[in-house]
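Structure, as structure tokens:
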There are 2 protein chains.
Amino acid sequence: MSNDVSYKDKKVITIGVVSELTGLTDRKIRYYEEKKLIFPERTAGGSRKYSFSDVELLMKIADKMEDGIQTREIRQELVKEQNRATKEELRKKMLQGQINAHFGFRKP
Amino acid sequence: MSNDVSYKDKKVITIGVVSELTGLTDRKIRYYEEKKLIFPERTAGGSRKYSFSDVELLMKIADKMEDGIQTREIRQELVKEQNRATKEELRKKMLQGQINAHFGFRKP
DNA sequence: CGTGTAAGGAATTCTGACACG
DNA sequence: CGTGTAAGGAATTCTGACACG
């Protein structure tokens with residue numbers, strides 16, 4: 001189905017590199033996780049791993065923090081965005097279902 | 001000019017994750033570097049950083065090693081590939097030069 | 001030649017807490 | 001609330017070398 005998202009969403013970057021990439025301190029990055037703004041995966045040993053998408057999101061977060069927006073609000077915005085995205089995807093799937101129902105669909 | 005290559009070629013993955021991703025031991029990964037097959041960058045502290053392209057290349061290398069090909073030969077193949085790519089790029093640039101010469105080119 | 005491994009050390013990351021404001 | 005920092009510990013990575021084949 002999807003394609004090159006494989007890289008952008010793969011969680012492979014450790015916090016030190018994320019810190020370099022975003023200019024944020026480790027402390028801030030971990031704090032935003034605590035506040036549910038970001039969700040890294042972990043290595044077997046417990047080290048955090050982030051994706052390029054996470055890095056982009058962290059930069060957006062940094063901008064909003066600079067604007068004086070609280071993590072609470074940012075979190076709400078993110079949840080809303082996520083809901084919009086989920087709904088959109090659902091809408092697409094239902095439409096596809098209609099199409100399949102109309103034109104029929106059999107395995108080859 | 002180029003576009004989304006930004007992610008694929010960005011060196012951000014530490015050797016432990018690369019090891020997970022490729023199934024190769026750290027020892028092997030470092031050895032292939034010693035043999036000039038792969039060229040990671042370094043963090044300030046000296047840790048190696050790889051790109052997704054590097055990961056892909058390592059998997060290709062692993063395949064060839066399984067086929068009993070020596071690092072020496074693999075290296076030669078890689079250099080040839082690189083030369084082909086460089087030539088191709090040069091060819092494109094020269095062609096573009098011809099086009100600009102013919103149709104003229106002024107800054108707006 | 002390609003790879004495992006033990007060795008010693010340095011860099012990286014982790015958590016929980018105190019501090020300030 | 002958001003962030004810095006010192007603390008102690010564990011996981012990660014590094015290099016050079018010996019071993020085997």
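Chain naming here is simple, since letters A, B, ... match the order of the sequence lines and numbering starts at 1 in each.
- Applying the Watson-Crick and G-U wobble criteria (two distances, each under 3.5 Å), D:dG8 pairs with C:dC14.
- Annotation: of the two residues near DNA chain D, B:Arg42 and A:Ser47, the 5′-most nearest-nucleotide partner is A:Ser47.
- Using a 4.0 Å cut-off, some side-chain N or O of B:Thr14 falls inside it from OP1 or OP2 of D:dT13.
- To the nearest angstrom, P of C:dA7 lies 18 Å from CG of B:Asp26.
- For the pair B:Arg48 CZ and D:dC14 C1', the computed distance is 7 Å after rounding to whole Å.
- Comparing B:Ile15 and A:Gly45, the nucleotide of DNA chain D nearest to each residue sits closer to the 5' end for A:Gly45.
- One interatomic measurement links the two molecules: CD1 of A:Ile29 to C1' of C:dT12, which rounds to 13 Å at whole-angstrom precision.
- A salt bridge links B:Arg42 with B:Glu33: the closest approach of a Lys/Arg side-chain nitrogen to an acidic carboxylate oxygen falls below 4.0 angstrom.
- In this entry the distance linking CD of B:Glu20 with C1' of D:dT12 reads 12 Å, nearest Å.
- Rounded to an integer number of Å, the gap from CD of A:Glu41 to P of C:dT13 is 17 Å.
- With salt bridges taken as basic N to acidic carboxylate O contacts below 4.0 Å, none links A:Glu73 and A:Lys64.
- Under 4.0 Å is where a charged nitrogen must lie from a carboxylate oxygen, and between B:Glu34 and B:Lys28 no such pair does.
- No more than 12 heavy atoms of other residues, nucleotides or ligands shown are found within 6.0 angstrom of NZ on B:Lys10.
- The hydrophobic cluster containing A:Met59 does not contain A:Phe39, counting ILVMFWY residues as joined when their side-chain heavy atoms lie under 4.5 angstrom apart, directly or transitively.
- Under a hydrophobic clustering in which Ile, Leu, Val, Met, Phe, Trp and Tyr are joined whenever their side-chain heavy atoms come within less than 4.5 Å, directly or via other members, A:Ile69 and A:Leu37 fall into the same cluster.
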Find every protein N or O atom lying less than 3.5 Å from an N or O atom of nucleotides 2-5 of chain D, and list the pairs.
unit_1	atom_1	unit_2	atom_2	d
D:dG2	OP1	A:Thr71	N	2.7
D:dG2	OP1	A:Thr71	OG1	3.3
D:dG2	OP2	A:Tyr31	OH	2.7
D:dG2	OP2	A:Thr71	OG1	2.9
D:dT3	OP1	A:Tyr32	OH	3.4
D:dT3	OP2	A:Tyr32	OH	2.9
D:dT3	O4	A:Arg27	NH2	3.1
D:dG4	OP2	A:Thr25	OG1	2.9
D:dG4	N7	A:Arg27	NE	3.1
D:dG4	O6	A:Arg27	NH2	3.1
D:dT5	O4	A:Arg27	NE	3.3

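- Heavy-atom contacts from other residues, nucleotides or ligands closer than 6.0 Å to CD of A:Glu89 number 12 or fewer.
- Listed pair B:Arg30 / D:dT12 fails the phosphate criterion, with no side-chain N or O lying under 4.0 Å from OP1 or OP2.
- The partner of C:dG2 is D:dC20, by the rule that a Watson-Crick or G-U pair needs both atom distances under 3.5 Å.
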